[in-house]
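As the structure lists them, so they are numbered: ligands from 1, and atoms in each ligand from 1.
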Amino acid sequence: MKKPEILFLKQEDVIAAGLLNMKMVIDVVEETFLLLSEGHVINPPKIKLGLPDNENWTSFFMSMPAYVGGRAPVAGFKWAAESKRNAAVPGMPYGVDVVALSDPDTVYPKAIMDGTLITAMRTSAMAGVMARRMARKNSSVACLVGAGVIGRTMIMAVDEVLPELKEIQIRDLDEKKAKDLASEFSGRINVVPSRDLERSVRNADIVVTETTSRTPFLRRAWLKDNATVIQMSSYEIDDDVLLSADRVAVDNWEQLSRGAGTLVKKLADEGRLKREDVAEIHELVSGRKPGRCGDDELTVACLHGVGAIDVAVASRIYETAIERGIGQVLSLWDNPLWV
Ligand SMILES: NC(=O)c1ccc[n+]([C@@H]2O[C@H](COP(=O)([O-])OP(=O)(O)OC[C@H]3O[C@@H](n4cnc5c(N)ncnc54)[C@H](O)[C@@H]3O)[C@@H](O)[C@H]2O)c1
């Protein structure tokens, strides 16, 4: 009888299996949303456990289950966590995640791996897939707000998808973080630390926010009328940035319009934003709905992350790890009792 063997991949292993290749991750994101549009993905809304509660959390955990069909069907989930206390301690990551994969038929677990870097890569890859369809092809200046973990991968993603990009301005309340991140890319990508958010936004063709801010800071008046805004956290942009957009897209309407504390939920609750007003990312990838239509539109996207992408990226990493003999094999049992 087949024994359930779990491949355990620590962070160094997922790196050795190729995770830091942004192009590969963007390709997996595109493929997965195409599968979703064809009905081969099941992606229930994530369940959030905020401590002390979902509105005022200092720590939270999210369970993000998904089934991804296609060439190599897999079921799995990400157990994602964030801690505001960690953010204040140098060397402690703000987000700490784990991904588990199972065989959809035998239901045996196949792998458990670090999901922290998977989150970092796939989050910005999703923004990249959105930017490809919502931003002007000739975008030459980007302004990224938030020079943390997602800020780093966002530099990689916008550089990958916007071929005419010449400069990335990076802004953080902690100016040293922005400066250090810009230096990290020196000689590869032109990243410039910003000392003035308004000025950077006024110059930008695309603005991406990936901060831990709890209050909106991006003003409509600062934006070019044909800019693209991608919001990665819950509520970083003013209401009228979204409400004045010619085109709005989200990753998952059901999830965002129910998510406590999100801009989309607030506008949906107030009846100012409806499902028919927005395109979901899979509709853009499959061509069922258009992305940007012309160079004069203001386009806005809000992304909150979907578990199917974590599962799909983790599955690709698992396949590569098997091919390359990476990781540690663990057994769930030697002989199952009570079967
Ligand atoms: N949409 C998704 O799928 C997804 C996935 C993962 C993380 N996130 C979100 O992305 C955000 C960033 O995550 P991270 O892991 O990079 O965190 P991080 O702590 O590594 O970085 C966040 C950065 O934002 C900066 N910041 C906070 N408020 C700011 C403001 N008003 N202006 C400029 N900078 C500001 C902080 O100084 C910090 O450097 C979080 O809100 C997280 O919840 C979204």
Side-chain angles (χ1 to χ4, degrees), residues 25 29 33 43 45-46 48 50 54 57-62 64 66 78-97 99 115-131 143-157 169-182 184 193-198 200-201 207-219 222 230-238 249-252 255-256 259-264 281 301-310 313:
V25 181
V29 172
F33 281 119
N43 200 154
K46 50 191 170 189
K48 185 168 166 182
N54 278 355
W57 57 270
T58 52
S59 310
F60 79 74
F61 299 87
M62 276 190 307
M64 302 167 68
K78 181 166 80 173
W79 182 236
E82 295 185 2
S83 161
K84 294 206 180 296
R85 283 197 197 93
N86 286 9
V89 183
M92 293 273 285
Y94 173 67
V96 182
D97 305 341
V99 181
T116 310
L117 294 190
I118 290 176
T119 299
M121 292 297 290
R122 74 72 151 129
T123 297
S124 298
M126 285 175 66
V129 168
M130 199 52 110
C143 170
L144 307 187
V145 195
V149 172
I150 307 297
R152 176 180 289 103
T153 53
M154 199 59 75
I155 292 171
M156 299 156 74
Q169 295 257 331
I170 182 108
R171 170 75 194 160
D172 199 290
L173 288 181
D174 180 343
E175 290 191 359
K176 184 172 179 316
K177 278 181 90 169
K179 207 163 153 240
D180 289 350
L181 195 51
E184 202 178 303
S194 158
R195 301 178 70 181
D196 180 341
L197 177 64
E198 178 179 342
S200 296
V201 170
V207 180
V208 189
T209 58
E210 63 274 330
T211 74
T212 40
S213 175
R214 286 277 182 96
T215 45
F217 52 80
L218 187 72
R219 311 280 168 251
W222 301 348
I230 302 182
Q231 172 182 258
M232 302 307 296
S233 193
S234 303
Y235 212 147
E236 297 163 295
I237 67 179
D238 275 346
V250 298
D251 52 1
N252 184 313
Q255 192 169 271
L256 266 172
T262 71
L263 168 63
V264 172
I281 190 167
C302 298
L303 300 174
H304 227 205
V306 291
I309 300 299
D310 298 293
V313 172

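- Among residues two or more places apart in sequence or in another chain, the salt bridge (charged side-chain N to carboxylate O under 4.0 Å, His left out) test is passed with Asp180 by Lys176.
- How far OG1 of Thr212 is from NZ of Lys84: 6.0 Å, rounded to the nearest 0.5 Å.
- Arg214 meets the salt bridge (charged side-chain N to carboxylate O under 4.0 Å, His left out) test with no other residue; sequence neighbours excluded.
- Rounded to the nearest 0.5 angstrom, Met232 CE and Cys302 SG are separated by 10.0 Å.
- Annotation: ligand 1 has protein neighbours Glu82, Tyr94, Thr119, Arg122, Thr123, Val145, Gly146, Gly148, Val149, Ile150, Asp172, Leu173, Lys177, Glu210, Thr211, Thr212, Ser213, Phe217, Met232, Ser233, Leu303, His304, Gly305, each with a heavy atom less than 4.0 angstrom from the ligand.
- Side chains of Glu198 and Val201 form no contact here, defined as non-hydrogen atoms less than 4.5 Å apart.
- Legend: residues meeting side chain to side chain donor-acceptor pair (under 3.5 Å) with Asp310, ordered by chain and number and at least two apart, are Lys78, Arg122.
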